[in-house]
There are 2 protein chains.
Amino acid sequence: MNAAAAKSRPRYEARARIAKALAHPSRLLMLDALQKREHCVCELTDLVGADQSTVSKHLAILKQAGIVADRKEGPQTFYRIKVCCLADFWRCIETVLKENLRTQQAAFGG
Amino acid sequence: MNAAAAKSRPRYEARARIAKALAHPSRLLMLDALQKREHCVCELTDLVGADQSTVSKHLAILKQAGIVADRKEGPQTFYRIKVCCLADFWRCIETVLKENLRTQQAAFGG
DNA sequence: GAATCCTATGGCATAATTACCATATCGCCA
DNA sequence: TGGCGATATGGTAATTATGCCATAGGATTC
């Protein structure tokens with residue numbers, strides 16, 4: 001690794017930590033739901049269809065990454081999107097998927 | 001999992017596959033380099049500072065995700081960015097990092 | 001304060017990711 | 001064709017991620 005790369009390494013590790021938090025279907029599903037409004041864990045558990053503890057851990061990952069924030073209200077915890085930039089992320093992902101589809105079609109259909 | 005979520009599950013899995021490809025510091029470093037111009041594997045190997053086979057596998061992951069494309073020229077393989085939307089991705093990640101920094105500073109410094 | 005609901009955490013098993021080494025493959029040149 | 005440089009792939013070990021169960025903790029209600 002050259003010197004410049006070594007120096008910028010922590011920077012890319014920080015970036016990767018954020019990306020990793022976004023790299024799971026259940027977490028993406030929850031983020032989509034949270035984009036509309038805040039939800040309690042029980043609602044997200046129902047949505048995802050996994051064990052409540054599993055969902056809680058997914059939410060902890062998103063929270064640790066700084067993507068969501070939580071708020072306690074009585075016995076419940078409500079999660080909400082904390083950042084304003086997820087639309088950029090979605091757009092990028094969707095563009096790649098669309099492009100992949102186009103490429104595939106070109107390869108098959110001609 | 002409710003019915004709507006079950007139906008959209010493959011959609012989120014596809015999205016997560018793309019996000020996962022972006023979720024590694026070495027791959028992010030290489031993408032940054034590739035954003036300027038195409039590079040051969042040997043250049044990227046030097047940049048990343050890992051084994052050549054490791055870099056080759058990282059590139060295969062990016063290619064499989066449809067994020068980069070390759071071109072053989074003689075004994076070398078040149079990789080280049082295939083999609084135009086990575087700027088959106090970077091912007092999102094950077095915004096999260098910046099917001100996290102802000103939050104931390106608020107927690108400490110006040 | 002006991003029961004209950006909601007959420008978080010510890011423990012553990014399994015699957016996925018990652019990295020390196022060794023080696024196969026491909027293109028080129030003598 | 002033999003050797004060489006550049007890549008890709010198979011094999012394997014170590015680390016990390018994921019999911020469920022059991023259970024702890026906190027709040028509410030009776």
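The sequence lines fix the lettering, A, B, ..., with proteins before strands; numbering per chain opens at 1. The shown structure was predicted, so the numbers you read here are calculated from the model rather than taken from an experiment.
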A:Lys57 near the nucleic acid: base, sugar-phosphate alone, or nothing, with a heavy-atom cut-off under 4.0 Å?
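Base contact.
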Please work out if B:Phe78 contacts a base, only the sugar-phosphate, or nothing of the nucleic acid, heavy-atom cut-off 4.0 Å.
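Counting heavy atoms under 4.0 Å across all strands, no contact is made by B:Phe78.
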Opening and closing nucleotides of DNA chain D in contact with chain B, under 4.0 Å to non-hydrogen atoms
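Extent of the interface on DNA chain D: D:dG5 to D:dG11.
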Under 3.5 Å, which donor-acceptor pairs do the side chains of residues 27-36 of chain A form with other protein atoms, sequence neighbours left out?
from    : atom 1 : to      : atom 2 : distance (Å)
A:Arg27 : NE     : A:Ala21 : O      : 2.7
A:Arg27 : NH1    : A:His58 : ND1    : 3.0
A:Arg27 : NH2    : A:Lys20 : O      : 3.2
A:Asp32 : OD2    : B:Tyr12 : OH     : 2.3
A:Asp32 : OD2    : B:Arg15 : NH1    : 3.2
A:Gln35 : OE1    : A:Trp90 : NE1    : 2.9
A:Lys36 : NZ     : A:Asp32 : O      : 3.4

Is there side-chain contact between A:Leu47 and A:Val55, with heavy atoms separated by less than 4.5 Å?
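No. Closest side-chain heavy atoms not under 4.5 Å.
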On DNA chain C, compare the nucleotides closest to A:Thr77 and A:Lys20; which residue's is nearer the 5' end?
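The residue whose closest nucleotide sits nearer the 5' end is A:Thr77.
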Sequence neighbours excluded, every pair satisfying salt bridge (Lys or Arg N to Asp or Glu O under 4.0 Å) that has a member inside residues 70-79 of chain A
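As it turns out, the salt bridge (Lys or Arg N to Asp or Glu O under 4.0 Å) pairs with a partner in residues 70-79 of chain A, which skip direct neighbours, are A:Glu38-A:Arg71, A:Lys63-A:Asp70, A:Arg71-A:Glu73.
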Is it the case that more than 12 heavy atoms not belonging to A:Glu13 sit under 6.0 Å from its CD atom?
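Counting other residues, nucleotides and ligands, CD of A:Glu13 exceeds 12 neighbours.
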Can you tell me how far NE2 of A:His24 sits from CG of A:Leu62, rounded to the nearest 0.5 angstrom?
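Atom-to-atom, A:Leu62:CG and A:His24:NE2 are 10.5 Å apart.
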In Å, rounded to the nearest 0.5 Å, how long is the span from CG of A:Asp88 to OG1 of B:Thr95?
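Nearest 0.5 Å value for the CG-OG1 distance: 6.5 Å.
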From the 5' end of DNA chain C to its 3' end, which nucleotides mark the outer limits of contact with chain A, defined by a 4.0 Å heavy-atom distance cut-off (strictly under)?
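Here the contact window of chain A covers C:dC6 to C:dG11.
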Results of side chain to side chain donor-acceptor pair (under 3.5 Å) for B:Thr54 - residues two or more places apart only:
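For B:Thr54 there are no side chain to side chain donor-acceptor pair (under 3.5 Å) partners, ignoring immediate neighbours.
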5' priority, DNA chain D, between A:Gly74 and A:Ala23 [closest heavy atom]:
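Its nearest nucleotide being more 5', the pick is A:Ala23.
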Pick the closest DNA chain D nucleotide for A:Pro75 and for A:Arg27 by heavy atoms, then say which residue is nearer the 5' end.
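Whichever sits nearer the 5' end wins; that is A:Arg27.
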In chain order, what residues pass the side chain to side chain contact (heavy atoms under 4.5 Å, CB included) check against A:Gln52, with sequence neighbours excluded?
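For A:Gln52, the residues satisfying side chain to side chain contact (heavy atoms under 4.5 Å, CB included) (neighbours in sequence not counted) are A:Val41, A:Thr45, A:Ser56.
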